[in-house]
Amino acid sequence: MTIEREGGDSLPYEGVWRFTAPAVDASVPQARHAVRDLLLRQGVPVADEVVQGLLLIVSELVTNAVRHAALLSPMLAVEVAVGAEWVRVSVEDNHPYRPTALETDHGRTGGRGLLLVREITREAGGACEVEHTATGGKVIWAALPLKPAQFF
């Protein structure tokens, strides 16, 4: 797994980091651990429940890239962008298929990854999207506030 950092910093923990990895099963836990370690190493003031949500999102998105895009995209990229009040994770591959969140089907045992990502993001007060890349692939991202959403 290769890690690159982009851009300058306003706060010590702000920045953009990009990890590249092969589209294989072993990359799922590696990406999750790399994101967790990056947040700790940079001293990002992120709530524990937000970290847990981010790590689940990374696992789901990398798993989807490995399962559905590896044939056309043997490499994938995970990007972590941290701002003053938010953190965004994204997974990019070169497969042109743009998935949509599936409705819950209680009879199915799989196929709910993107739906889960959308629910975690919504509950945290964040946003997520699937976008095409300039090279014909896609990037799926989720941005969450560093502090969890407050419910009254």
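Note that the CD atom of Q30 and the CG atom of D25 stand 11.0 Å from one another [nearest 0.5 Å]. The CG atom of D37 sits 6.5 Å away from the CZ atom of R41 when rounded to the nearest 0.5 Å. Taking CD from E49 and CG from L144, the interatomic distance works out to 11.0 Å, rounded to the nearest 0.5 Å. Atom-to-atom distance recorded for I140:CD1 and N64:CG is 6.5 Å, nearest 0.5 angstrom. Taking CD1 of I57 as the start and SG of C128 as the end, the distance is 7.5 Å to the nearest 0.5 Å. Going from atom CG of L76 over to atom OG1 of T20 covers 8.5 Å, rounded to the nearest 0.5 Å.
A distance-only check finds no donor-acceptor pair linking the side chain of S27 to the backbone of A21 [under 3.5 Å]. K138 places a side-chain N or O within 3.5 Å of a backbone atom of H95 that can act as its donor or acceptor partner. The backbone N or O of A69 sits nowhere less than 3.5 Å from a side-chain atom of S73 that would complete a donor-acceptor pair. Remark: side-chain polar atoms of K147 are paired, donor with acceptor, to backbone N or O of P45 under 3.5 angstrom.
The two atoms that bring V66 and A23 nearest to each other are CG2-C, 3.8 Å, heavy atoms only. The two atoms that bring A143 and T121 nearest to each other are O-CG2, 4.0 Å, heavy atoms only. When all heavy atoms of L55 and R32 are compared, the closest pair comes out as CD2-O, 3.4 Å. V91 and A65 make their closest contact through CG1-CB, 4.2 Å (heavy atoms, listed as atom of the first residue, atom of the second, distance). In plain terms, the two heavy atoms of A124 and P145 that are nearest each other are O-CG, 3.1 Å.
Counting heavy atoms from C-beta on, the side chains of P96 and L72 come closer than 4.5 Å. Residues V130 and L114 have side chains in contact (heavy-atom distance under 4.5 Å, counting atoms from C-beta outward). You'll find the side chain of L146 stays beyond 4.5 Å of the side chain of V50, heavy atoms only. Side-chain atoms of L54 and L39, non-hydrogen and from C-beta on, do get closer than 4.5 Å to each other. Within the 4.5 Å cutoff, side-chain heavy atoms of W17 are placed close to those of V82. Taking 4.5 Å as the limit, some side-chain heavy atom of P22 sits within range of a side-chain heavy atom of M75.
For W86, the side chain to side chain contact (heavy atoms under 4.5 Å, CB included) partners two or more places apart in sequence, or in a different chain, are A81, R88.
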Just do the side-chain contact (heavy atoms from CB on, under 4.5 Å) check on Y13 and V46 with the steps written out, would you?
-> CA-CA 10 Å; Y13 60 83; V46 61; over 6 Å; no
Report the C-alpha distance between E131 and W141 in whole Å, list the side-chain angles of each, state the deciding distance to 0.1 Å, and finish with yes or no for side-chain hydrogen bond (donor to acceptor under 3.5 Å, both in side chains).
-> CA-CA 8 Å; E131 299 173 350; W141 60 265; 3.1 Å; yes
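Linking ILVMFWY side-chain heavy atoms closer than 4.5 Å, directly or via other members, places L11 and V51 in a single hydrophobic cluster.
Ion pairing of R18 with E92 is present here, as a side-chain N (NZ or NE/NH1/NH2) and a carboxylate O approach within less than 4.0 Å.
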